Chemist: 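Take a look at the following structure, please.
Along the sequence shown, residues carry numbers from 1. Quick caveat, the model's predicted, so the values are computed rather than measured.
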Amino acid sequence: MPLSKAAADPPPPGEGPLSLNDTPRPRRFLPSGPLRGRIRVPGDKSISHRALMLGALAVGETRASGLLEGEDVLATAAAMRAMGATIEREANGTWSIHGVGVGGLLQPGQALDMGNSGTSTRLLMGLIASHGITAAFTGDASLSKRPMGRVIEPLSRMGASFTPSPGGTLPLMMEGLCPAVPIEYRLPVASAQVKSAVLLAGLNTPGVTTVIEPVPTRDHSERMLRGFGAELEVEELGGERIILIHGEAELRPQTIEVPGDPSSAAFFLVAASLVEGSDLVIENVGLNPTRAGLVEVLRQMGASIEELDAREVGGEPVADLRVRHAALTGIEVDPAVAPNMIDEFPVLFVAAALAQGRTVTRGLEELRVKESDRIAAMAAALTAAGARVEETEDGLIVDGTGGDPLPGTGGDVAIVTHLDHRIAMSMAVAGLTSRAGVDIDDTRPIGTSFPDFESLLDGCRA
């Protein structure tokens with residue numbers, strides 16, 4: 001079967017699938033035959049954001065292929081253009097980024113519209129914090145509910161000033177400081193976004209900025225900063241990671257091949273595991289150890305996932321994943337794995353709902369402050385589809401069906417996605433393993449991270 005193709009002319013942020021001027025697009029996802037063939041998921045969203053940002057701070061031309069062209073990443077591209085970078089998409093899908101140099105960001109002429117992207121917002125706040133410019137951040141209804149205080153606090157210590165909306169949310173105005181003040185900051189919660197924001201602020205800050213991670217989180221920022229030539233050191237001490245970045249860096253342009261996003265591959269890993277007769281190969285999936293938690297957890301549940309042609313691309317481990325239907329068994333998920341798969345828990349809950357026995361998850365407080373409260377949203381969604389779910393303060397307890405299909409919603413009720421792309425895609429997978437199908441209230445949010453999801457899903461079931 002053919003691989004998915006990126007849109008030839010992707011829409012600018014605010015004019016694509018999640019434009020609030022559009023009518024919601026509901027859909028019923030129905031049970032079907034096995035998932036087969038070979039597919040390729042979009043480029044890794046975390047790496048795509050960082051490639052655009054660091055390319056925009058390097059002097060010269062950075063070229064990036066495989067970039068995710070969802071709305072979140074396009075919002076990052078638009079913001080970097082607004083601050084002086086030249087970013088163009090070529091006909092072959094390669095992106096050309098001409099940067100302004102560290103310290104060279106320009107005053108944006110209007111508010112930076114982040115759409116639904118919390119990653120864009122928090123990382124860009126870090127970039128701007130050590131530049132002498134002022135910026136306003138806006139976002140859609142979902143993003144405007146997400147707390148920014150965890151980023152505001154360390155960046156304020158470095159000298160940036162903020163005027164957020166009540167509750168520390170968007171819309172928000174900030175003013176950077178140049179030169180900023182280097183700090184040593186211990187993360188109070190495991191958050192790659194907060195870590196990355198401080199490290200990016202440290203790029204243009206004299207001296208050494210230090211971040212201490214009690215629990216390791218995804219390390220794309222550290223890998224890519226080194227790749228662009230930043231002087232960055234990582235030390236391990238007493239189980240903690242100590243990351244030091246030397247400021248006033250000079251970044252060198254790079255050629256980047258973005259691996260497939262493991263968070264996007266997750267939906268197909270679970271779907272093929274659950275649907276009888278499935279035998280699917282997902283090509284070019286990034287398997288960074290700080291992102292590959294779901295693969296290990298699914299294997300603990302009994303999933304058949306084989307790594308083919310393991311290799312390294314741009315400093316990131318990559319493989320093709322062959323996944324075949326297998327009977328899953330409920331487990332107690334180690335809370336320590338949560339930072340390595342925090343975005344994949346919604347679809348893991350779907351796998352748990354079809355497994356044999358009970359699955360217990362804990363330590364997932366971070367899910368309460370994502371695009372939606374993903375613990376509450378998935379508890380309500382799976383219950384509506386007929387699963388047995390108990391919501392706790394920091395996770396879900398799911399009693400699986402032992403492989404029997406979920407009843408589904410069957411047109412009686414539509415699952416409320418709360419404008420959250422991962423809720424929508426997770427419940428689409430639940431629809432494949434139901435008797436009557438699962439109705440989703442709005443598929444537009446899927447465009448923020450995985451524009452081809454529906455066509456790819458339909459294609460590998462054909």
Chemist: Under 3.5 Å, is there a donor-acceptor pair linking the side chains of Gln193 and Thr119?
Modeler: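 Yes.
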Chemist: Do Ser264 and Phe453 touch side chain to side chain, with heavy atoms closer than 4.5 Å?
Modeler: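 SC-SC contact between Ser264 and Phe453 ruled out.
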Chemist: Whether the Thr417 and Asp441 side chains hold a donor-acceptor pair (N or O, under 3.5 Å, no angle test) is what I'd like checked.
Modeler: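 Side chains of Thr417 and Asp441: pair found under 3.5 Å.
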Chemist: Salt bridge check, Asp320 against Arg311: does any charged N sit closer than 4.0 Å to a carboxylate O?
Modeler: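 Asp320 and Arg311: salt-bridged.
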Chemist: With rounding to the nearest 0.5 Å, note down the distance linking CG in Asp72 to OG in Ser449.
Modeler: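 One finds 7.0 Å between CG of Asp72 and OG of Ser449.
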Chemist: So which heavy atom on Pro346 is nearest to which on Asp343, and how close?
Modeler: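 Here Pro346 and Asp343 meet closest at CD-O, 3.5 Å.
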Chemist: With a 4.0 Å cut-off, would you call Glu306 and Arg299 a salt bridge?
Modeler: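 Between Arg299 and Glu306 there is no salt bridge, as every charged N stays at least 4.0 Å from the carboxylate O atoms.
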Chemist: Does Glu222 come within less than 4.0 Å of Arg226, counting only side-chain N to carboxylate O?
Modeler: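 Looking at Glu222 and Arg226, the cut-off is not met.
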Chemist: Strictly by modelled atom types, are Asp140 and Ser142 linked by a side-chain donor-acceptor pair under 3.5 Å?
Modeler: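 Side chains of Asp140 and Ser142: no pair found under 3.5 Å.
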Chemist: Count the heavy atoms of every other residue, nucleotide or ligand shown that sit under 6.0 Å from CD of Glu184, and state whether that count exceeds 12.
Modeler: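 Open: at most 12 neighbouring heavy atoms sit under 6.0 Å from CD of Glu184.
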Chemist: Under a 4.0 Å N-O cut-off, is there an ion pair linking Asp394 with Arg362?
Modeler: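 A salt bridge is absent here (no side-chain N lies under 4.0 Å from a carboxylate O).
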Chemist: Run the salt-bridge test on Arg186 and Glu213 with the 4.0 Å N-O cut-off and return the result as yes or no.
Modeler: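 Salt bridge between Arg186 and Glu213, a charged N being under 4.0 Å from a carboxylate O: no.
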Chemist: Which pair of heavy atoms, one from Ser263 and one from Arg291, lies closest together, and at what distance?
Modeler: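 The answer is OG-NH2, 3.1 Å.
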Chemist: Ion pair present between Arg25 and Asp442, side-chain N to carboxylate O less than 4.0 angstrom?
Modeler: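 No.
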Chemist: With side-chain hydrogen bond (donor to acceptor under 3.5 Å, both in side chains) as the criterion, how do Arg27 and Thr443 come out once you've worked through the C-alpha distance, each side chain's angles and the decisive distance to 0.1 Å?
Modeler: CA-CA 7 Å; Arg27 176 175 172 179; Thr443 58; over 6 Å; no
Chemist: Are the side chains of Met125 and Phe162 in touch, meaning some heavy atoms are under 4.5 Å apart?
Modeler: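 They are in contact (side-chain heavy atoms under 4.5 Å apart), so the answer is yes.
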Chemist: Do NZ/NE/NH1/NH2 and the carboxylate oxygens of Arg146 and Glu371 come within less than 4.0 Å?
Modeler: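 Yes.
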Chemist: Run the salt-bridge test on Glu454 and Arg444 with the 4.0 Å N-O cut-off and return the result as yes or no.
Modeler: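 Judged by the 4.0 Å cut-off on N to carboxylate O distance, Glu454 and Arg444 do not form a salt bridge.
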Chemist: Mind listing the closest non-hydrogen atom pair of Pro216 and Pro339 along with its distance?
Modeler: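 The answer is O-CB, 3.6 Å.
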Chemist: Taking all heavy atoms of Asp439 and all of Gly411, pick out the closest pair and write down the distance.
Modeler: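 Of all heavy-atom pairs spanning Asp439 and Gly411, the closest is OD1-N, 2.8 Å.
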Chemist: Indicate the ring-plane relationship of Phe349 and Phe345, choosing parallel, tilted or perpendicular according to the 30° and 60° boundaries.
Modeler: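 It falls in the tilted class, 30° to 60°.
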Chemist: Could you check whether atom CD of Glu393 has more than 12 heavy atoms from other residues, nucleotides or ligands sitting under 6.0 Å from it?
Modeler: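 No, the 6.0 Å shell around CD holds no more than 12 heavy atoms from other groups.
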Chemist: Any idea which heavy atoms bring Val323 and Ala272 closest together, and the distance?
Modeler: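 Residues Val323 and Ala272, closest heavy atoms: CG1-CB, 3.6 Å.
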Chemist: Side chains of His418 and Arg374: donor-acceptor distance under 3.5 Å anywhere?
Modeler: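 No, because no side-chain N or O of His418 sits under 3.5 Å from a partner of the opposite role on Arg374.
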Chemist: Taking all non-hydrogen atoms of both residues into account, name the closest pair between Ala141 and Lys145 and its distance.
Modeler: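 Of all heavy-atom pairs spanning Ala141 and Lys145, the closest is O-CG, 3.4 Å.
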Chemist: For Glu344, which residues count as a salt bridge (charged side-chain N to carboxylate O under 4.0 Å, His left out) partner, sequence neighbours excluded?
Modeler: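 Salt bridge (charged side-chain N to carboxylate O under 4.0 Å, His left out) check on Glu344 returns nothing, list empty.
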Chemist: Give every residue pair that meets the side-chain hydrogen bond (donor to acceptor under 3.5 Å, both in side chains) criterion with at least one member in residues 377-390, sequence neighbours excluded.
Modeler: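 As it turns out, there is no side-chain hydrogen bond (donor to acceptor under 3.5 Å, both in side chains) pair with a partner in residues 377-390 once direct neighbours are skipped.
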